[in-house]
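To keep things clear, I will list the structure first and then write my remarks on it.
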2 protein chains.
Amino acid sequence: MSAEERRESVIRAALSEFAHGGYRGTSTEAIARRVGVSQPYLFRLFPNKQAIFVAAAERCIEHTRDAFLAAAKGRPPEERLEAMANAYGRLIREDPEKLLMQMQIYAAVATAEAAGDHEFGASLRDRWQSMWDSAHVELGADIEETTTFFAYGMLINTLVSMGFPPTQRNWEGIYEFARAGVGPQSFGAPAAPSP
Amino acid sequence: MSAEERRESVIRAALSEFAHGGYRGTSTEAIARRVGVSQPYLFRLFPNKQAIFVAAAERCIEHTRDAFLAAAKGRPPEERLEAMANAYGRLIREDPEKLLMQMQIYAAVATAEAAGDHEFGASLRDRWQSMWDSAHVELGADIEETTTFFAYGMLINTLVSMGFPPTQRNWEGIYEFARAGVGPQSFGAPAAPSP
DNA sequence: GTCTATAATAAGATAGAC
DNA sequence: GTCTATCTTATTATAGAC
């Protein structure tokens, strides 16, 4: 297999492993095992562990952006918000590693930033901004709407990550965002969170 | 010093250390050094590393809840949203470890939940729910408002953690939430995020 | 209540062969 | 392109003394 193909396999394996273990909690040994190569060989493909993490993290954010774009594609503007919200709900339900990895990314970047390392997060900020901008354009470039869209998304991320059960009555209102779309005005009393 | 007082010192030291390093990235040695005791002695005060993390995490969430309660106290209902938003903005600006620790908690709980360990996050879910409920009551028990309040808070957490600069023009709109209060309707064009 | 000594082992990375 | 061997260091936790 070519080095480029191997690198691709490593990125996919790393995305899974880092999602479940976080940056520090994942060994390069575990990634290598999943790829089916020896642990030292990873360091012929990537300079160090951090580079593997960043490559996997970039991929994760790009994937989310692409899900938004795919959901909006070919749809009339007024349907896009709901379609994108649905797509995101589907994404984190069917591919929970993507949400898990998101949370690991935020924690890892926060750690680096606090330590004064602004290099680590640079490419990830770029990807994140690109995701935001793509959603912003598809939603019709209404600032309020885009902001609310992401704000609710981040709340969902937190609640799902913390393990608040989606089956709980309270929770349904929030989850509704991802399933049937939209911002605060869509929440009525029966959809009561807490949370 | 009594064991109880020592435990208190450990919790405070652990909050700082875990905030900066995360669960896996923080050694019990670092915590012990900060407290000024030997590393093995920590294991006379707590059963294991995980218990220290949980105690520090509980403290962190309680502190945030208390900040909301203190901000709302004695204020007429219509001023509370802004007061609580201001208080949260002040909290994460003046005490960034509290935000950092929040992000480490979300990642750590997500990791445990994904691994099938629902015990780890149990007490933290309780604290989080208590924080939500307290805010909900103070805000006047309007579901839509409480949900939006937390949604915007979570977006702020993410943006600040990722290192999007608060000085950037784009960012001001979001930051405005924490500084001058409120939900989406307070965002005008000049406050444009992205992000 | 607190320490020293230490067991046990895991992890990132390099060297060098094939 | 890929492996084996290995260096080096870090880390949680226990045993037992004072």
Side-chain angles (χ1 to χ4, degrees), chain A residues 1-57 101 104-105 107-109 111-112 114-115 117 119-121, chain B residues 1-57 101 104-105 107-109 111-112 115 117 119-120:
Chain A
M1 193 178 291
S2 82
E4 213 34 67
E5 290 172 310
R6 277 289 189 219
R7 251 184 285 269
E8 177 59 30
S9 310
V10 171
I11 289 172
R12 275 205 276 267
L15 183 39
S16 281
E17 293 293 332
F18 281 127
H20 286 94
Y23 180 63
R24 301 296 292 255
T26 298
S27 67
T28 55
E29 167 65 33
I31 297 168
R33 202 179 317 122
R34 186 181 270 253
V35 177
V37 297
S38 69
Q39 178 264 341
Y41 184 50
L42 294 184
F43 295 88
R44 299 275 159 140
L45 300 170
F46 294 86
N48 49 43
K49 183 184 180 180
Q50 184 171 297
I52 303 177
F53 181 86
V54 171
M101 186 63 176
Q104 308 292 6
I105 292 169
V109 174
T111 297
D117 176 3
E119 253 325 288
F120 179 75
Chain B
M1 193 179 290
S2 82
E4 214 35 67
E5 290 171 310
R6 277 289 189 219
R7 252 184 284 269
E8 176 59 29
S9 309
V10 171
I11 289 172
R12 275 204 276 268
L15 183 38
S16 281
E17 293 292 333
F18 282 127
H20 286 94
Y23 180 63
R24 302 296 291 255
T26 298
S27 67
T28 54
E29 167 65 33
I31 297 167
R33 202 180 316 123
R34 187 181 270 254
V35 176
V37 297
S38 69
Q39 180 265 341
Y41 183 51
L42 293 184
F43 295 86
R44 299 275 158 140
L45 300 170
F46 294 86
N48 50 41
K49 183 184 179 179
Q50 184 171 297
I52 302 177
F53 181 85
V54 170
M101 185 63 177
Q104 309 291 6
I105 293 170
V109 173
T111 297
D117 176 4
E119 254 323 288
F120 179 75

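Each chain gets a letter, A, B and so on, in the order the sequences are listed, and its residues count up from 1. Just so it is clear, the values below take in all heavy atoms, side chains as well, and ignore hydrogens, waters and symmetry mates.
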Test log, rule side-chain contact (heavy atoms from CB on, under 4.5 Å), inputs A:Glu4 and A:Glu8: CA-CA 6 Å; A:Glu4 213 34 67; A:Glu8 177 59 30; 6.0 Å; no
Report the nucleotide, chosen from [options], that has the shortest atom-to-atom distance to any side-chain atom of [X].
| X | options | answer |
| --- | --- | --- |
| B:Pro40 | C:dA13, D:dA13, D:dG1 | D:dA13 |
| A:Phe43 | D:dT2, D:dT12, C:dG12 | C:dG12 |
| B:Ser2 | D:dG1, C:dG1, D:dA13 | C:dG1 |

Atom-to-atom span, [atom1] of [X] to [atom2] of [N] - whole angstrom:
| X | N | atom1 | atom2 | answer |
| --- | --- | --- | --- | --- |
| B:Ile52 | D:dT11 | CD1 | C1' | 13 Å |
| A:Arg7 | D:dT2 | CZ | P | 11 Å |
| B:Lys49 | D:dA13 | NZ | P | 8 Å |
| B:Leu42 | D:dT14 | CG | P | 13 Å |
| A:Asn48 | C:dA13 | CG | P | 5 Å |
| A:Glu4 | D:dT2 | CD | P | 12 Å |

Side chain [X], main chain [Y], donor-acceptor under 3.5 Å:
| X | Y | answer |
| --- | --- | --- |
| A:Gln104 | A:Ala19 | yes |
| B:Arg7 | B:Leu45 | yes |
| A:Ser9 | A:Val35 | no |

If the cut-off is 4.0 Å, is B:Arg6 near the phosphate of C:dT2, judged by side-chain N/O to OP1 or OP2? yes
Within the modelled atom types, does a donor on one side and an acceptor on the other bring the side chain of B:Arg44 and the base of D:dG16 under 3.5 Å apart? yes
Before giving the answer on side-chain contact (heavy atoms from CB on, under 4.5 Å), spell out for B:Tyr23 and B:Lys49 the whole-Å C-alpha distance, their side-chain angles and the decisive distance to 0.1 Å. CA-CA 9 Å; B:Tyr23 180 63; B:Lys49 183 184 179 179; 3.8 Å; yes
Please work out whether the ring planes of B:Phe53 and B:Phe18 are parallel, tilted or perpendicular, with thresholds of 30° and 60°. perpendicular
Polar-atom pairs under 3.5 Å, protein N or O versus N or O of nucleotides 7-9 of chain C: list them with distances, or write none.
none

Tell me which residues in residues 12-39 of chain B put a heavy atom below 4.0 Å from DNA chain C, sorted by number, or none. B:Val37, B:Ser38
Applying side chain to side chain donor-acceptor pair (under 3.5 Å), name anything that partners B:Gln50, two or more places apart in sequence or on another chain. none
Close side-chain approach of A:Tyr41 and A:Val10, heavy atoms under 4.5 Å: no
Got A:Phe43 and A:Thr28 here, is their nearest side-chain heavy-atom distance under 4.5 Å? yes
